[in-house]
Amino acid sequence: MKYLDEYRDPQLAKDLIEKLRRRSYSKKQIRLMEICGTHTVAIFRSGLKELLPEQIRLISGPGCPVCVTANEDIDRAIWLSGIPGAIIATFGDLARVPGSSSSLHIERSKGADVRIVYATLDALRIARENPGRQVVFIGIGFETTAPTIAAAVQQAARLGVTNFSVFSAHKLLPPAMRALLDGGEVKIDGFICPGHVSIVIGAGAYVEVAQKYATPCVITGFEPLDILQGVSLLIDQVESGRAVVENQYRRAVTREGNVAARKLIDEVFEPVDSTWRGMGFLPKSGLRFRAEWEKFDAAKRFAMPEIKVLEHPGCKCAEVLRGIISPPECGLFRKACSPGAPKGPCMVSSEGTCGAYYRYHRVV
Amino acid sequence: MDPELVQLDQGSGGQAMHELIDGLFLRAFDNPLLRARNDSAVFEIAGGRLAMTTDSYVVDPLFFPGGNIGSLAVHGTVNDLAMCGAKPLYITAGFILEEGLLLGDLKKIVASMAGAAREAGVQVIAGDTKVVPRGKADKLFINTSGIGIVRDGLDIAGSRARPGDLVLINGTIGDHGMAVMCKREGLEFENEIQSDSAALSGLIDRMLCAFSGIHVLRDPTRGGVATTLNEIAEQSGVGIRLEEEALPVRGDVVGACEVLGLDPLYVANEGKVLAIVPPGGAQAVLSAMLSHPLGKSACIMGEVVSDDPGRVYLRTRIGGSRIVDMLRGEQLPRIC
């Protein structure tokens, strides 16, 4: 199939792996972080880790939107589902993430009207079909989903839909990359930068990370050959002491990104300080509605009570998200925590590191 | 004129129901046992082992490319019998109709059920009809039960896979689930993806004639090939290794799966059989499959191994390996 088979060619992949194995390394270990959940899954699904030489270690970062959503935001979404007559629209994975004492999935079985949608516009359609009820879309995600929510809100305004609102828990990726490097807990020699997010924000968005932190950045596609090429480019930079932004995923990503999508985000949202699971409170790392769009902000429309957050004791999602530990180092992994009975979001989400490790990683 | 709709009194047990049964079901499924109209169908079977199964069908939408809920309800139950090495003989059919269902749709569905039964060589010998008020069911649900006679000299079971056995399949995977999903989500590709829904009894018969020592036969329906192979690995206490390059998947199914974020290994099939065959018989079984219209794309896609007992793993195209787990959670609701 065009645009897929070319990037899955077994012989080209084997050649690239062979080259990486044969070359000499000046360091004992080079640690490359993929900060996109889709990369994490692609790496596990192709069995890439075991094929790389021992000097190259791939570590997973905070790139799964469901996983980085703070517990307090999950609790708020659960609280919203309890508003009489309200319909909650959300992406599937989020519904199963446990908050302090429940999940949207559990609330649904108790009678809350929680509907799984594939797109924000589906939530708007539900609102138009149910004019007498409040429809709240739980907006999570990175720069990739934010424009779709901005577009839905603008469309709601044009159509005069007044029973639609969004609970925005959006996150921005570059601030998280800077926070990881500032924190210094985990040594990162280079970033495998996300493909989808970069389509929106453009290659230019990583220049600061590369320059100020002297950390190589390569924007990478999602097929095995893309990732192998991205890794090779990063190794070249590390070994030659360079730190620049390179774009392996040129068939989709430009320097400026998607200008129209960025404009949409900018029209509706503004950056705000935001709490991340695992990373804490990061300045200007989230998105909130601009004043003129506040009427669509569920956090403003409904008077939310103060929420006391309880974290699951023993859950190490926070450390997993920062790349400090790998899933088997968590005491709950494969024991109390599994995809059927997840204790933390990294096990729930299809893009979570623990879930990917559980489903795909084979101990050879 | 407004289209005719199913009315509540057509499930009341009274005159309207008798008219529906006589005019539609009896005419479509006509055979002496059904015609007798007794509370049960009474029949004789020559001595031997019997296989019996039941399944309910709730697919949404009712009509999909390559079939509908009626043909599916026959194929699914016939296949469950065939997987035990049984020759399917009789099936029953229970219909739960929602008030307001288009009578024309019901007629089409019943006609294709009758056609599917004829092709599979089974008779519909008992049935039931209920009508529930609008909103209490979604258009139409069907239950079918089936009975068949098991051929002598077979020992087919999920627990019989042994290291060294080969894993065969009669064609491409994921077609049914993606046909239903694309129809439901309104996704269009150059060519419409067709469901593979089919009665496999004839194919299985040919395979068993070629080699009667087949260890396992299973149809990978809900949960797909991945889940079915995991069940076999667990029951037999063996590992199963798949080769990614050997997996038969149509290009448009790969494309649709990419769009929807699905893995064809977990997508349902309704006309596929997984056969686990000792190495000595594998070539004969493969040739038998290839000679049958439902096995034209048959292939060997993996092997039973002694490492990783209870697990299925995949050797990837680039030479790595990964676990192929059972389906967890719900990938595609209501595809059969």
Side-chain angles (χ1 to χ4, degrees), chain A residues 1-5 7-18 21 37-38 41-52 91-93 95-96 105 116-119 122 222-228 338-342 347-351 355-364, chain B residues 172 181 184-187 189-191 193 226-227 230 233 239-247 249-266 305 307-334:
Chain A
M1 167 167 247
K2 188 117 181 78
Y3 301 123
L4 278 183
D5 290 343
Y7 299 95
R8 293 176 178 177
D9 184 310
Q11 198 48 50
L12 284 175
K14 281 170 192 162
D15 292 349
L16 273 170
I17 292 165
E18 202 47 41
R21 280 188 182 156
T38 314
V41 170
I43 289 164
F44 277 111
R45 281 177 55 88
S46 57
L48 196 65
K49 276 191 187 202
E50 61 180 286
L51 298 172
L52 293 175
F91 297 133
D93 282 352
R96 294 182 58 239
H105 196 69
I116 308 300
V117 293
Y118 290 101
D122 292 340
F222 297 102
E223 297 304 324
L225 273 179
D226 288 320
I227 298 169
L228 277 166
S338 65
M347 185 60 90
V348 174
S349 170
S350 56
E351 297 204 331
Y357 211 98
Y358 188 102
R359 283 195 299 274
Y360 302 125
H361 184 71
R362 178 167 174 255
V363 185
V364 186
Chain B
T172 51
M181 204 61 189
R184 202 192 300 167
E185 298 295 319
L187 281 184
F189 295 87
E190 269 175 39
N191 299 305
I193 299 174
T227 303
N230 267 283
I240 295 177
R241 188 189 65 230
L242 298 177
E243 301 293 335
E244 188 172 35
E245 274 195 273
L247 296 182
V249 194
R250 288 163 48 115
D252 48 9
V253 170
V254 172
C257 281
E258 291 285 338
V259 169
L260 294 169
L262 302 172
D263 183 341
L265 278 170
Y266 294 92
V305 292
D307 52 344
D308 291 70
R311 303 211 111 158
V312 180
Y313 68 94
L314 179 81
R315 209 148 60 186
T316 67
R317 272 196 195 88
I318 63 168
S321 68
R322 68 161 163 102
I323 290 175
V324 177
D325 199 4
M326 260 198 196
L327 177 65
R328 311 239 167 217
E330 203 177 55
Q331 189 176 18
L332 300 171
R334 288 187 60 190

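Owing to the predicted nature of the structure, the values given are computational and were not obtained by experimental measurement.
At a 4.5 Å heavy-atom cutoff, R315(B) makes no contact with chain A through either its backbone or its side chain. Heavy atoms closer than 4.5 Å to chain A are found in the side chain of E245(B), but not in its backbone. For a residue to count as touching a neighbouring chain, one of its non-hydrogen atoms must lie under 4.5 Å from one of that chain's; by this rule L16(A) does not touch chain B. Contact annotation for Y360(A): both backbone and side-chain heavy atoms come within less than 4.5 Å of a heavy atom of chain B.
Of the N and O atoms on the side chains of S321(B) and R362(A), at least one donor lies less than 3.5 Å from an acceptor on the other residue.
Under the side chain to side chain donor-acceptor pair (under 3.5 Å) criterion, R241(B) pairs with E243(B), E303(B), sequence neighbours left out. For D15(A), the side chain to side chain donor-acceptor pair (under 3.5 Å) partners two or more places apart in sequence, or in a different chain, are Q11(A).
Contact count against chain B (heavy-atom pairs under 4.5 Å) is highest for L51(A) among L48(A), L51(A), L12(A). Listed options S46(A), S338(A), A13(A) were ranked by heavy-atom pairs under 4.5 angstrom with chain B; first place goes to S46(A).
For the pair D263(B) and R45(A), the salt-bridge criterion is met [side-chain N within less than 4.0 Å of a carboxylate O].
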- Where do D325(B) and Y358(A) land on the side chain to side chain contact (heavy atoms under 4.5 Å, CB included) test, with the steps shown first? CA-CA 9 Å; D325(B) 199 4; Y358(A) 188 102; 3.9 Å; yes

